[in-house]
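To start, the structure under review is shown below, and the notes come after it.
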Protein chains: 2
Amino acid sequence: MARNNTRFIEAHNKLLTICDKTEIGGTLQSENVLAADLGVSRTVIRSVLARFDDIGLIALDGREKAIQRRTRAGDRLEKPATLLTIEELEGRFLDWVLRMDVPPGTALNVAQLAKEFGVAPHTLQEFLSSLSRFGIVVRRPRGGWVLHGFTKEYALELSDFRTVLELNSVQHLVALAPDHPIWARLDVLEQAHLALLERIDRDYHDFSVLDETFHEAINSVVTNRFVKEFQKVISLVFHYHFQWNKADERTRNADAIQEHLAYIDALRSRDVGRAQAAALRHLATSKQTLLNALQANSHTL
Amino acid sequence: MARNNTRFIEAHNKLLTICDKTEIGGTLQSENVLAADLGVSRTVIRSVLARFDDIGLIALDGREKAIQRRTRAGDRLEKPATLLTIEELEGRFLDWVLRMDVPPGTALNVAQLAKEFGVAPHTLQEFLSSLSRFGIVVRRPRGGWVLHGFTKEYALELSDFRTVLELNSVQHLVALAPDHPIWARLDVLEQAHLALLERIDRDYHDFSVLDETFHEAINSVVTNRFVKEFQKVISLVFHYHFQWNKADERTRNADAIQEHLAYIDALRSRDVGRAQAAALRHLATSKQTLLNALQANSHTL
DNA sequence: CATATGTTTATTATTATAAAAAGCAATTAT
DNA sequence: ATAATTGCTTTTTATAATAATAAACATATG
């Protein structure tokens, strides 16, 4: 076996349904039409038709595809367990890594991990290769991968990089016209922050999501594919680390909300200097929080 | 055949040389020692020894490995044509893409390209996956890759991103102590620029390399893996585009040298504002040059 | 008992191959 | 006649199988 035949099986079962909608003795449409209807290639349709002929469901004769009998439950084929795609893998893998179930420097076992995540080894390999662009994993000289993971240096560099990107966003943001949607969005966010502040004692946990939304909003004003790509990694890392450091979570989040509110205010002033200063203040706190989380989470030098 | 047996052949030939250094009747060292000396696993050594025994070069008897005869020319094994590694592939691929032999939107044929570049299809696949992080290629829904290539938008976003990173570097640079190596390096670069300016009529072509070195130097003061990763892509893109736009190359490069010199001067002033202004001026020119190169190179909307 | 070899197991890179898609040529029905 | 349909061939991709290597463990020997 080489490729999994999910497409064949799906087309097969869909065509069974179509057969049932046609009376006995009636004929099916042309291969081309069926292929277009089911969204697969003619090759697949032909394989399905060949099987239908085999099991006596239809009689193939030239371009005649006459239905011979009703379908039975046994005609249906079982779908094989569908593997994750490379996109779905991203979330699962980062989740695993960022929780630091494994210390930095560990060799990754592609075959075993692939089984664990329910993907083809080859898919994981490919994914690791793309992750290596962010330095989360590195390729070993003679095959294999090593998890570099989230060391203190990594966190520092990531925070710094984040700061560079966000200060740039701020610079763009304050120059935007008053009717730009970002201002309305900031108003909404401000309300959300104030609302959370009122019920902070109970719902301090909700801040993590709000924080992500807030920074995403600020950076959304820059339409740059490189910025966006990094934003994904950055927000993931910060998001997860948020969830670990349980110490002082309530006060920490309350403080952060205040910083966000001051940040929004500064943005509204349209004064680049003031806005960037407010941004820097909050980003510095955020960086410290990330470092503390790392410290708390064992394996960091 | 699965893996290529380069390691086996290398160890084989190296061990032949070792045999020649030992007199007939002498014995080779233990498998462990040989493995450590040649930097391969014991498994490889054992395969080699087994072959040596086969061809009557040595007599294996327990832990005795007695040399029976001198080696002959025919004993040596021919090394198979070594395939490119994924790192070597990067240069070759970007070279191919950036010359825009193919218009944006083209579907990439993995099997064919792999043959062309002399790599395993699987290696190319992995490489494309990592490139997709930079948006140069994108994965198609049901397998396959599409070259997004260097559209005008891509060039604009790349230039903007480059500017963000470099302004950040400048900010760091001007704050560095006078004994930091960067200052001496800038002195050297300044001389190189002046020297090139004198012979610009003849050697205007050399500017491309100098430009790359110059920007690399400036960005080297920031030790950040994300910055560095991007720098690689950025410098490649700019480097290649440099080589196309032949119109006014001499004057364009002469002008750029002047901008670089002013840039160096501004950096020396230690005045962030002045330095960033000079940087911006040059980066804007650079961006325009890139856009012109794209325009000149046919398939851009 | 330390070191060497024999044997087994695990892991990775590459190849071979089945599944799917796409293209072309021949055929049939209107 | 000609448009549509089928039969057959060629390409291309995803995965499974496999050889090469590495590593681990067990046994033997000086």
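Order of the sequence lines fixes the chain letters, A, B, ..., with proteins taken first and strands second; residue numbering starts at 1 for each chain.
- Comparing C:dA20, D:dT15, C:dT12 by their nearest atom to the side chain of A:S41 picks out C:dA20.
- As a whole-Å value, the separation of B:D61 CG from D:dG30 P is 10 Å.
- Of the listed nucleotides (D:dA22, D:dA14, D:dT13), D:dT13 has the atom at the smallest distance from the side chain of B:N109.
- When distances run from any side-chain atom of B:A111 to the nucleotides D:dA22, D:dT21, D:dT13, the shortest one goes to D:dT13.
- B:L49 has its side chain within reach of B:L15: a pair of non-hydrogen atoms, C-beta onward, lies under 4.5 Å apart.
- Atom-to-atom, CG of B:L38 to P of D:dA20 comes out at 19 Å; the value is rounded to the nearest Å.
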Would you list the protein and nucleotides 4-7 of chain D atom pairs, both N or O, that sit under 3.5 Å from each other?
unit_1, atom_1, unit_2, atom_2, d
D:dT5, O4', A:R63, NH1, 3.3
D:dT5, O2, A:R63, NH2, 3.1
D:dT6, OP1, A:K65, NZ, 2.3
D:dT6, OP2, A:E31, N, 2.7
D:dG7, OP2, A:R46, NH1, 3.0
D:dG7, N7, A:R42, NH2, 2.7
D:dG7, O6, A:R42, NH1, 3.0

### Task
Any chance you could lay out the side-chain contact (heavy atoms from CB on, under 4.5 Å) test for B:N13 and B:L16, step after step, and finish with the verdict?
CA-CA 5 Å; B:N13 291 345; B:L16 280 179; 4.0 Å; yes
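- Remark: side-chain polar atoms of A:Q68 are not paired, donor with acceptor, to backbone N or O of A:G56 under 3.5 angstrom.
- Counting only heavy atoms from C-beta on, A:V44 has its side chain closest to C:dA20 among D:dT15, D:dT21, C:dA20.
- No side-chain donor-acceptor contact under 3.5 Å links B:E31 to the backbone of B:R42.
- Comparing A:F8 and A:W145 against DNA chain C, the residue whose closest nucleotide sits nearer the 5' end is A:W145.
- Within the 4.0 Å cut-off from OP1 or OP2 of D:dA14, at least one side-chain nitrogen or oxygen of B:Q125 is found.
- Among the nucleotides C:dT14, D:dT12, D:dT15, the one closest to any side-chain atom of B:N4 is C:dT14.
- Atom CZ in A:R140 sits about 12 Å away from atom C1' in D:dT21, given to the nearest Å.
- Summarising the geometry, the separation between CD1 on A:I9 and C1' on C:dA20 is reported as 14 Å, rounded to the nearest angstrom.
- Contact check on A:E126 versus B:R139 returns a salt bridge, with a Lys/Arg side-chain nitrogen under 4.0 Å from an Asp/Glu carboxylate oxygen.
- One atom, CD1 of B:I45, and another, C1' of D:dA23, lie 15 Å apart when rounded to the nearest Å.
- When the P atom of C:dA4 is taken as reference, atom CG of B:L28 falls 14 Å away, rounded to whole Å.
- Rounded to the nearest 0.5 angstrom, A:S132 OG and B:E229 CD are separated by 7.0 Å.
- Because its NZ or CZ atom is not both nearer than 6.0 Å to the ring centre of A:F134 and within 45° of the ring axis, B:R133 does not count as a cation-pi partner of that residue.
- One atom, CG of A:N5, and another, P of D:dT15, lie 12 Å apart when rounded to the nearest Å.
- A heavy-atom distance below 4.5 Å is found between the side chains of A:R225 and B:Y154.
- Within the 4.5 Å cutoff, no side-chain heavy atoms of A:T22 are placed close to those of A:C19.
- Residues from residues 14-22 of chain A with heavy atoms under 4.0 angstrom of DNA chain D: there are none.
- Using cut-offs of 30° and 60° for the angle between ring planes, the A:F127 and A:F93 rings count as perpendicular.
- Atoms CG (B:L124) and P (D:dT13) sit 10 Å apart, rounded to a whole Å.
- Toward the 5′ end of DNA chain D lies the nearest nucleotide of A:T43, the other residue of the pair A:T43 and A:T123 mapping further downstream.
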